[in-house]
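Let me begin by presenting the structure, written as structure tokens, before commenting on it.
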Amino acid sequence: MQLMKWPLLFALSVALSAGCARFVSSGSTSDATAIPIDSMVFDGGSPWDTAADAIIADQLTDAATDAATDAATDAPTDVAPDLLGPPSFSPTSCTAEGWCWVLPEPQGNTLTAVWGSSSDDVYAVGRSKTIMHFDGVRWEVVASGVAPGETISDYGAVWGFSASDIFVGGKGGLLHFDGSTWQSHDTVGDGYVPQVYGLWGHSRSAFYAVGSVGSTEGIKGWIARFDGSRWSVMEPELDDTLQAVWGFAPSDVFAAGKNGVILRLVNGAWQAMNSGTTEQINALWGTTSDQLFAGTEAGKILRFDGSSWQTLHTTQDGINGIWGRSATDVSFATSGGVLHYDGATFTQRSTSPVYGIWGPSGGPLLAVGSTGTIFVEQGATFSQQAGGGGPSYTDVWARSATEVYIMTFQELLLWNGDALSSIHTFPSFPSRVCGQPGGGLVVMDAFTLYQRSPAGTWTSRRSTVALNDIWCSSTSEDVVGAGQFGHIEHFDGTAWTSVDLADTLSFQGVWGESSSNIYAIDWNGDLAHYDGVSWSVLPGINFGPGSTAIIGRNANEIYVLSGTLLRAFDGTARGSVQVLGFSGKALGGSPEHLFASDSLGSLYYRLGTKWVAETSLSLDAISAFHVRDNNAWAVGPRGMLLHRSLP
């Protein structure tokens, strides 16, 4: 766990921007004093992919110069005390479709690489086409110019030659920034659509990119060089994909990757070196060609002394990036935090996962990681500046834009538009929440339904078998819980009753148009219906195995998530099929606005008569949606809360 705490090196008391979230500590009531976000406790997650190695701006032109000497001459202009102060954030980051990050701030997509032309011109890039910029005062999420449907995404490398000449590599190729706009960049020629993992350049006319590309023989590695005007592929189909590249002169360059492969450019040709390992190498960095470091996915740190590679250290954490000031001041971005080498010993300087690391000459390092985290070096430790995670949110239900209830596996939270507060902590593991028109709330765990009256009193209803989903009517006090062995729990506004339809049924989702028209979907695809008097399984209707959720606009337009399909039901027969990118994860909304997501985080929106993919947003899998008064809410793992204003 990493405690967010602003650096103490400077006696600064700059407040965060007005939109900052606040959190009230856990408890059974909601009237506690709010705790600022800079006191929240976060933990991290897993990256989409390994980050490309981080680099230092000054080495773009003088890579062979010892960093200590360079720091002594450049430090007066390069050191950035701004990096050590509390940052401010730009307005909330939003997608082209209008989904905006509420938590974490300013966004929560994983960041994988960081680089800057100076201390007040820093870029952090990552998953879901995320590019963030620091101007010396604040972090801002910037638009990459990649339109929905374009292939370049999930950025893993960033390199530049000035504030107006920056390259970002990712899945599908490269982007280039000319100081005013971002544009797709022809990486290696027509018809070659690669994954870019590593970038390094001695100058604009000696710029190298490495990565992977699909071929008829499977996934291959490649190396390309940019001469200032065009790319040429030097090695088009290597047996091993490449993750990192680093050099010291236009013709003295190293590339490394899968199966421990390390290649060195010698007299214009790439020659294999004996790395002494078969582990995938993710990062390269060095001061000179006889002081070069490499880090592997399994946690091995290698050093090249000019003649051979030797294992310097082994850690249990995978190495994602390397940056250093000299051969005796090297920092490693690892899955377990920042690891520092002083020329003799290794010291752990942080414990949250980081995937990229960089710093201006003589100034503090910046490290980036999962859920949009950005850390800044403070002496021998690192302090969190942005992003961050939290508990996984499993469900969301809103009574208004300032009364949004969020479910975790332990407690019920309330978002009031500015702060999170704890409403109630449960003895087991609740997962679902919905509200009643009269002001009550219902929370479900595996065997219990908890009801909170408008006055705040909690009561419970114990189920004899495990429950999987609940539904609350929007017009009456009816509540239905559905679960294993065809079990139904029904509250009619006065009392609870239960019924068991069949031992062969396992209800996964429940939805109703009214208290006399309710549906429950079975895992194997059978559909049960309640007509206000009794339950029955509809004959001849089956949605297929893996059916997990159900929602509708009305009794004649109902949708079921079934595996990788989104199936429709018109009240009498199963209708059309919508193919999702991967297995269905969540289904929710209102009759006017329906949303679905798959387990890879892709979103789909019911627009008019069809479902459309919302391609500008790709996240960790969303757990639940809810729509109230044209406000859409979505929640997911590691403290993800999104909002969207609807027409």
For W458 and F426, what are the C-alpha separation, side-chain angles and deciding distance, and is it a ring pair (Phe, Tyr, Trp, His ring centres under 6.0 Å)? CA-CA 11 Å; W458 287 92; F426 298 88; 5.4 Å; yes
Looking at F569 versus Y559, is the centre-to-centre ring distance below 6.0 Å? no
With a 6.0 Å cut-off on ring centres, are F595 and W611 close enough? no
N468: partners by side chain to side chain donor-acceptor pair (under 3.5 Å), with sequence neighbours left out: none
Rounded at 0.5 Å granularity, tell me how far CE in M407 sits from OG in S623. 12.5 Å
Is R606 salt-bridged to E557, going by a charged N under 4.0 Å from an acidic O? yes
Here's a test for you: under side-chain contact (heavy atoms from CB on, under 4.5 Å), which of D445, V433, T459 qualifies with Y450? D445
Has R644 got its NZ or CZ under 6.0 Å from the middle of the six-membered ring of Y605, at an angle within 45 degrees of the ring axis? yes
According to the interplanar angle, ranging from 0 to 90°, do the rings of W633 and H643 count as parallel (below 30°), tilted (30 to 60°) or perpendicular (above 60°)? tilted
Residues which pass side chain to side chain donor-acceptor pair (under 3.5 Å) with N416, listed by chain and number, not counting sequence neighbours: none
To the nearest 0.5 angstrom, please state how far the CZ atom of R574 sits from the OG atom of S562. 8.0 Å
Begin from the C-alpha positions of D598 and K585 and carry the test salt bridge (charged side-chain N to carboxylate O under 4.0 Å, His left out) through to its verdict. CA-CA 5 Å; D598 63 28; K585 178 68 176 179; over 6 Å; no
Return yes when atom CZ of F485 has more than 12 non-hydrogen atoms of other residues, nucleotides or ligands closer than 6.0 Å, and no otherwise. no
Strictly below 4.0 Å, N to O, side chains only: are K171 and D154 in salt-bridge contact? yes
Is any side-chain heavy atom of L449 less than 4.5 Å from a side-chain heavy atom of I470? yes
Between W496 and H490, is the ring centroid distance below 6.0 Å? no
Checking H529 against N517 for the side-chain hydrogen bond (donor to acceptor under 3.5 Å, both in side chains) test, could you report, in this order, the C-alpha distance in whole Å, the side-chain angles of both residues, the deciding distance, and whether it holds? CA-CA 7 Å; H529 178 248; N517 192 25; 2.6 Å; yes
